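Just so it is clear: chains get the letters A, B, ... in the order the sequence lines come, proteins before strands, and each one is counted from 1. Quantities reported herein were computed from a predicted structural model and do not represent experimental measurements.
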Amino acid sequence: MIKNWILYLSALVGVCIFHVFYFGWYSWFLLVLFLCLPPFSFLVSFLPMSKARLQMELPQQCSSGDALYLSLQASGNFLPLPRCRFRLTVTSKMTGRETVLPQVVPNGGRWYISLDTTHCGTVICRVDKGRVYDYLGLFWLPLRQPEVVSCMIYPIPAQPKPLPNLSHFLVRRRKPKPGGGFSEEHEMRDYHPGDRLRDIHWKLSVKTDRTIVREAQEPIRERTLLTFDLKGTPEQIDLTLARLCWMSDWLSRHETPHQIIWIDPTDCQLAMETIESEAQLLQLLPRLLQSVLRQDIPSIAARRFAAASWRYHISAGQEADV
Amino acid sequence: MQKKQVLSVYLLSVLLSVMVALSGVLCVQDCFDIPCDLTTVFAACTAFSLLIAACVRIKRIWIPFLLTVALCAAAGYYFREALWLQLNGALYAITHSFSLAFSQLQPIGTPNVDCTLLLSCLTLPLVWICAWTVSREGSCVPILFCCVPILIVCLIIVDFAPIFWLVVLTAALFLLVITNHVRERNPAEGSVLAWWLFLPTAILFFALTFLWPPAAYVREERMETLRLQAEKTLQIVSSEEPITASISRWNRSLKKVDLRKLGPKVMTGTPVLEYRASTQIPYLRGVALGIYDDNSWSAVSSDLYAAQKFAQEPLLQMQGANTETAEIRTVTPLPMLYTPYFAAGVPTDGSCVDDAYFQNSREHTQYTASYLPTQRADASRILPHGYTEYVYAQYLQIPDPLRQPLQELAEAMNLTPDAASVAAAVRSHGTYNLNTPAVPRGEDFVLYFLQESREGYCVHFASATVMLLRTMGIPARYVTGYAVKSAADEWSLVTDDDAHAWAEYFVDGIGWCPLDATPADLSNPTTITPAPDAEQPSEPDSPYDETPFPEQNQQPETSLPEPEQSISVSTGSTAAAMPAVLQICFLLAVVLVIAILLRRIIILWLLRRRCQVGHPNRRMLTWWRWLVRLSKANGTAIEEELICLAEKARFSQHSVTEEELQQMEKAVLQQISALKASAPLLKRMGYTLFSVLY
């Protein structure tokens, strides 16, 4: 706008000089015309300026590394849209990193901006300092700000290297159900004194000529823990979350309920989520991806969890069973 | 791009190209009076625009460009001699005009060459650049740069500025500049915007030229002071006065009187000027025209006059020791200075245009003219050497088809080579009638008057007198001005009704003498008979006797006892106040239009706000009321479901949902679309501006 004003004022000064030195009517006419130019431009532009709108569209989620485009559309009324300028701020909520992209509405009023999805987290797009100019570019009105849009960039699960020993999760271990009773899972064994008569499997005992008892079983519920530190560089966070996803997903698929424990950067307190299925992991991820990272939180790696039968601390480096 | 958009861009490209190219070229033509056939130039420019606007739409632009260049080169080679000659002709016209303003310059080139081909060719580059600017993503800077030299060349000599074409050119450039940003982004949108801005631009330009008309422009004193200060500060040595042509040239509006347009005359009584002379004078002389052809009076060629290089001005044919003076004040600046017979000097800041009239170069509204009545003993006539031969060469012209009939008429009327007898014969030949209809098509104005109608007013009698005088071998010419009569040293008002036409005949050794053959208007003996309204304000009439100062039987309609009073004050005429009234009416109309538009904007804004903000039920009812108005305008019934929604919003204690609101809004939008599609333009304007339905 400053450039336009400089141009206009230069032209006006030129016309004034022309009027001072030229004796004819035309110089006066030009002078009046130049003086009328800004208000005329503002008047004819006012309607499209006041009707100018900006809309932003962004997918709610995507995976890390995927192509992500922010769609912007400027619209007005029946008159062509005057020049619009605004500042698009793309913020990574996790790292707090802001990228400011000055934008001018291009031909057609619809355009796309490619966003970086290298790191997982939440990307927030916001429009600031939106201005819609008159046709000469001398005056401006504030452009109505569109709603803030955001997208969560999910990590792609990655197998931890080296892979921890997960063999004991491959076999389902059971124990006799305390108090007996009915269970889908049961085991046959020889009669021991003290067993209840109703537990004897009579048919099988007759066939085998031994007294066989049917003992109700239930899975052994051990406390499996996955811990990780939500801090570090974006690359470390990416790797940590990717491995966490892989581990949690693997355990869920192997019917191993587990708990994920980390120190929430928001309040520096231990946070814990029990995961029994993939859906629960997906519910947890937004919370993690929207966290605002802090580098001053303590590490959870050295903390002892005595009640845990199996704990695995996930980090961007080498992991080890605890 | 849609077909509609393509058409829009194409048409705009053609229109703006024609405007820019034609006004640019005609600026030069009009400014320097380059001889050409305007119709051909216009046709060529339009054809170029149509063709080139289509060519620049082609993606591979270099093909039509090279073709055009090749064609131009071929045409240039084929017409090289004609173009060279016309280039010389145009050069002569331009340098001749500059030589009038700058004495050290000499005209170069060939005079009197028709430059139609050259000017038509000059429109080509302008059309190319303009079409490119509009149709492609081009900035308006090239076209501005192309027009700057044209403007500079045309504006150097102040009184040559071709106002009309300058305004047209400025309007086209204005439109290009204001749509520049949008057009650079998208030519189609730029063209849409330019179409929308056409009317506002036209209104703006019309308003500016209406509020500050070129004819009434008077340079402000402070600008002059500022200029002097600036020159003093910057130590610039410049002329104190604007650069104007030292030898004045014909004003276009005065150069020709088309007699075919003359019909019954209506008296308007519009004040034109007031004057005070130290003696009683019969006429205020305006312009003399010498060529009668094709039912029109036109000026003798300036080049023929300039070629004579008379030592003194033939208009100043009297000299004497004690001159009389006449003070004249006009309502608006007129192109000529009206003076009494016989001028002893050039009026204030005036200049002689050939031997025809005094030009008002500085657009004065008040000036003084000195004259010498022939009765004065010390008055003597002077004629420049060679002027008599010039007069006999130029002012005996009779169109060939008229020569024989006029000869027969002269014989039938028993005319002798005596000016007084010719005037008497013409006077008695016809009847004075202000309601004389226009001459029938195909008839000659003079012959029809003398042979058929035998009725007319001053123009008829004056034209017939001139032609009969020429038939009798007496040089004569047609003169326009005002017939006046007031006592000496008294201010007198002259209105348009006093306009008159008469003849001047040439007497060897004496010069031009007025000769009035118009008979008295018997029906209205106290009123000076007016002239018809031709291209100039005065074509006049009056029942005077011939010879320099005939007997007069009329009195001026109004006299002004207080010379200090301005014309508008002293007359008190409503006609004088007309421009002011018109200006006020125009301003009121503009204010009204703005008020209507503002009202619409405010109403719509409030309506939409009430539809979007507040309790849902209230919003629903606002939508509903809008829908009812739209349905009435469309003449359609509202759906039962929507009626239920409105009743729910009104009577139920429950709030309507957002979906229900959207349903009502959708119905409103549908009704608006239907109204836009079905209603005729005028109704739509009414619905939009007055009913504010959408």
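In terms of heavy-atom pairs under 4.5 angstrom with chain A, the leader among B:Leu226, B:Thr209, B:Leu166 is B:Leu166. Contact tally against chain A (heavy-atom pairs below 4.5 Å) for B:Val192, B:Leu204, B:Leu197: the top residue is B:Leu204.
Taking a 6.0 Å sphere around CZ of A:Arg110, one finds it holds more than 12 heavy atoms contributed by other residues, nucleotides or ligands. Sparse packing is recorded around CH2 of B:Trp196, with 12 or fewer heavy atoms of other residues, nucleotides or ligands lying under 6.0 Å away. Within 6.0 Å of the CG atom in B:Leu681, the count of heavy atoms belonging to other residues, nucleotides or ligands exceeds 12. By the neighbour-count criterion of 12 heavy atoms within 6.0 Å, atom CZ of A:Arg287 is densely surrounded, having more than that number from other residues, nucleotides or ligands. In A:Phe78, the CZ atom is crowded: over 12 heavy atoms of neighbouring residues, nucleotides or ligands sit closer than 6.0 Å. By the neighbour-count criterion of 12 heavy atoms within 6.0 Å, atom CZ of A:Arg97 is sparsely surrounded, having that number or fewer from other residues, nucleotides or ligands. The number of heavy-atom neighbours closer than 6.0 Å to CZ of B:Arg600, taken from other residues, nucleotides and ligands shown, is above 12.
Checked by atom type and distance alone, the side chain of A:Trp25 pairs as donor or acceptor with a backbone atom of B:Trp212 at under 3.5 Å. Looking at A:Tyr22, its side chain does come within 3.5 Å of a backbone N or O of B:Leu155 through a donor-acceptor pair.
Side-chain rings of A:Phe29 and B:Phe205 approach one another, their centers coming within less than 6.0 Å.
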Tell me, with the steps shown, if B:Phe174 and A:Phe34 meet ring pair (Phe, Tyr, Trp, His ring centres under 6.0 Å).
CA-CA 10 Å; B:Phe174 179 88; A:Phe34 263 76; 8.8 Å; no
Decide yes or no on side-chain contact (heavy atoms from CB on, under 4.5 Å) for A:Arg83 and B:Val182, but give the supporting numbers first.
CA-CA 7 Å; A:Arg83 172 179 288 211; B:Val182 178; over 6 Å; no
Applying side-chain contact (heavy atoms from CB on, under 4.5 Å) to A:Phe40 and B:Ile203, what does each step give before you reach the verdict?
CA-CA 11 Å; A:Phe40 179 81; B:Ile203 291 172; over 6 Å; no
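The parts of A:Leu81 that come within reach of chain B are both its backbone and its side chain, each placing non-hydrogen atoms under 4.5 angstrom from that chain. With a 4.5 Å cut-off on non-hydrogen atoms, A:Leu136 touches chain B through its backbone and its side chain both. Contacts between B:Thr201 and chain A at a heavy-atom distance below 4.5 Å involve backbone atoms as well as side-chain atoms. Interface residue A:Pro82: only backbone heavy atoms are found under 4.5 Å from chain B. Looking at A:Val105, only its backbone comes within 4.5 Å of chain B, counting heavy atoms on both sides.
Closest non-hydrogen pair, A:Tyr26 versus B:Leu151, comes out as OH-CD2, 4.2 Å.
Atom CD1 of B:Ile594 and atom CG of A:Leu43 lie 6.5 Å apart (nearest 0.5 Å). Within the model, atoms CD1 of B:Ile601 and CZ of A:Phe46 stand 6.5 Å from one another, a figure rounded to the nearest 0.5 Å. A:Asp134 CG to B:His181 NE2: the interatomic distance, rounded to the nearest 0.5 Å, is 9.0 Å. Distance check: A:Cys36 SG to B:Leu208 CG gives 5.0 Å after rounding to the nearest 0.5 Å.
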